[in-house]
Amino acid sequence: MIRFFAVILVTLTMTVQGMAQAPQRKPHPANNTNRNEQLVEALKLDKATAEQFTKIYAEYHEAMRQVRAQYRFEQPTRGEKKEGEERPMLSDEQIEKNILNRFAMSRAILDIREQYYPRFREVLTPRQIEQLYRLEQRQGERIQQRHHERSSTARPMGRPGEQRGSFNRPPRNR
């Protein structure tokens, strides 16, 4: 009888731990608040302007997030690399599909920026808008760099045997 309860207790504990470790996909609101505070501080906005900007930026950021989620890119399968074998590469069709998806995503992002520019312009100067875009770019570079550093299967870009060129450099630290 004691073994039965011990087995049930261990099973419940493992189940609860497994559920607690499940990845959460939705962004945490605190992250958005923190990012907004950092942007307001970097752009040196007063309280009234900051309030207006935060509302517009939240809509803008959500629109950008939806566009990025809409376009999926083919990735090589991540199987274990056996000695003497190369990692699987994308086919030419998959690569072409990725390139066309990048073009479409770039157009959609440009459309959103053009759509929100007049609204940003109501509360920000052109210099502040340019700074906002630069801050977003740097943030994206940092995220890519962290992702690259965390990746346990990080490998040089390009085909096996190719040298890494200037186009494959990691983002610059500014």
Side-chain angles (χ1 to χ4, degrees), residues 18-78 90 92-158 164-174:
M19 289 192 306
Q21 294 175 358
Q24 296 180 359
R25 288 289 189 184
K26 293 185 179 179
H28 195 275
N31 292 342
N32 291 338
T33 304
N34 187 28
R35 180 182 50 248
N36 290 345
E37 289 172 2
Q38 289 174 346
L39 289 172
V40 166
E41 184 179 321
L43 297 173
K44 298 177 176 95
L45 303 178
D46 60 44
K47 275 191 173 184
T49 306
E51 193 174 309
Q52 289 178 306
F53 167 76
T54 303
K55 289 177 186 176
I56 297 169
Y57 186 77
E59 292 174 25
Y60 165 81
H61 186 70
E62 179 60 24
M64 294 291 262
R65 190 189 66 73
Q66 287 176 357
V67 164
R68 289 185 181 113
Q70 180 180 351
Y71 294 95
R72 296 287 177 212
F73 299 101
E74 298 283 336
Q75 299 290 328
T77 56
R78 290 185 178 223
L90 293 177
D92 287 345
E93 293 81 23
Q94 291 170 318
I95 292 170
E96 184 172 16
K97 182 180 176 185
N98 283 351
I99 291 170
L100 294 175
N101 275 343
R102 280 191 189 93
F103 290 156
M105 186 174 78
S106 295
R107 279 187 207 101
I109 287 172
L110 180 60
D111 290 345
I112 290 171
R113 283 187 168 177
E114 286 179 337
Q115 175 187 350
Y116 278 88
Y117 180 78
R119 295 183 64 195
F120 281 138
R121 188 64 184 94
E122 291 173 6
V123 294
L124 302 175
T125 65
R127 189 174 307 275
Q128 288 172 319
I129 295 170
E130 180 183 30
Q131 186 178 5
L132 170 66
Y133 292 156
R134 270 191 268 122
L135 290 169
E136 284 184 329
Q137 181 181 7
R138 286 186 196 144
Q139 183 182 21
E141 289 172 353
R142 279 190 222 113
I143 290 170
Q144 278 185 328
Q145 190 172 14
R146 271 189 252 138
H147 176 71
H148 180 71
E149 290 169 358
R150 288 181 187 167
S151 173
S152 61
T153 59
R155 60 186 173 85
M157 302 287 285
R164 287 188 69 165
S166 61
F167 291 107
N168 295 326
R169 277 192 215 131
R172 292 183 296 202
N173 292 333
R174 296 180 188 187

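Please read all numbers here as calculations on a predicted model, not as lab measurements.
Inter-residue side-chain proximity for Arg72 and Asn101 is flagged as unmet; no heavy-atom pair is nearer than 4.5 Å. A 4.5 Å side-chain heavy-atom check between Gln137 and Glu141 finds at least one atom pair inside the cut-off. Counting only heavy atoms from C-beta outward, the side chains of Glu136 and Arg113 approach each other to under 4.5 Å. You'll find the side chain of Gln52 stays beyond 4.5 Å of the side chain of Glu122, heavy atoms only.
With sequence neighbours excluded, the residues satisfying ring pair (Phe, Tyr, Trp, His ring centres under 6.0 Å) with Tyr57 are Phe53, Tyr60, His61. For Glu93, the side chain to side chain donor-acceptor pair (under 3.5 Å) partners two or more places apart in sequence, or in a different chain, are Ser91.
Environment of CZ in Phe103: sparse, with no more than 12 heavy atoms of neighbouring residues, nucleotides or ligands closer than 6.0 Å. Within 6.0 Å of CD on Glu51 lie no more than 12 heavy atoms contributed by other residues, nucleotides or ligands.
The CG atom of Asn98 lies 7.0 Å from the CD atom of Gln75; values are rounded to the nearest 0.5 Å. Expressed to the nearest 0.5 Å, how far CD1 of Ile112 lies from CD of Glu59 amounts to 12.0 Å. Taken to the nearest 0.5 Å, the CG atom of Leu39 stands 9.0 Å off from the CG atom of Leu45. Rounding to the nearest 0.5 angstrom, the gap separating the CG atom in Leu124 from the OH atom in Tyr117 is 9.5 Å.
Arg119 approaches Ile56 most closely through the heavy-atom pair O-CD1, 3.4 Å. Nearest heavy atom pair, residue Gln128 against residue Lys44, reads NE2-O, 4.5 Å.
Side chain of Gln131 to backbone of Leu43: no donor-acceptor contact under 3.5 angstrom is found.
Side chains of Glu62 and Gln66: a donor-acceptor N/O pair is present below 3.5 angstrom, by distance only.
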### Task
Step by step, work out the side chain to side chain contact (heavy atoms under 4.5 Å, CB included) result for Asp92 and Glu96.
CA-CA 6 Å; Asp92 287 345; Glu96 184 172 16; over 6 Å; no
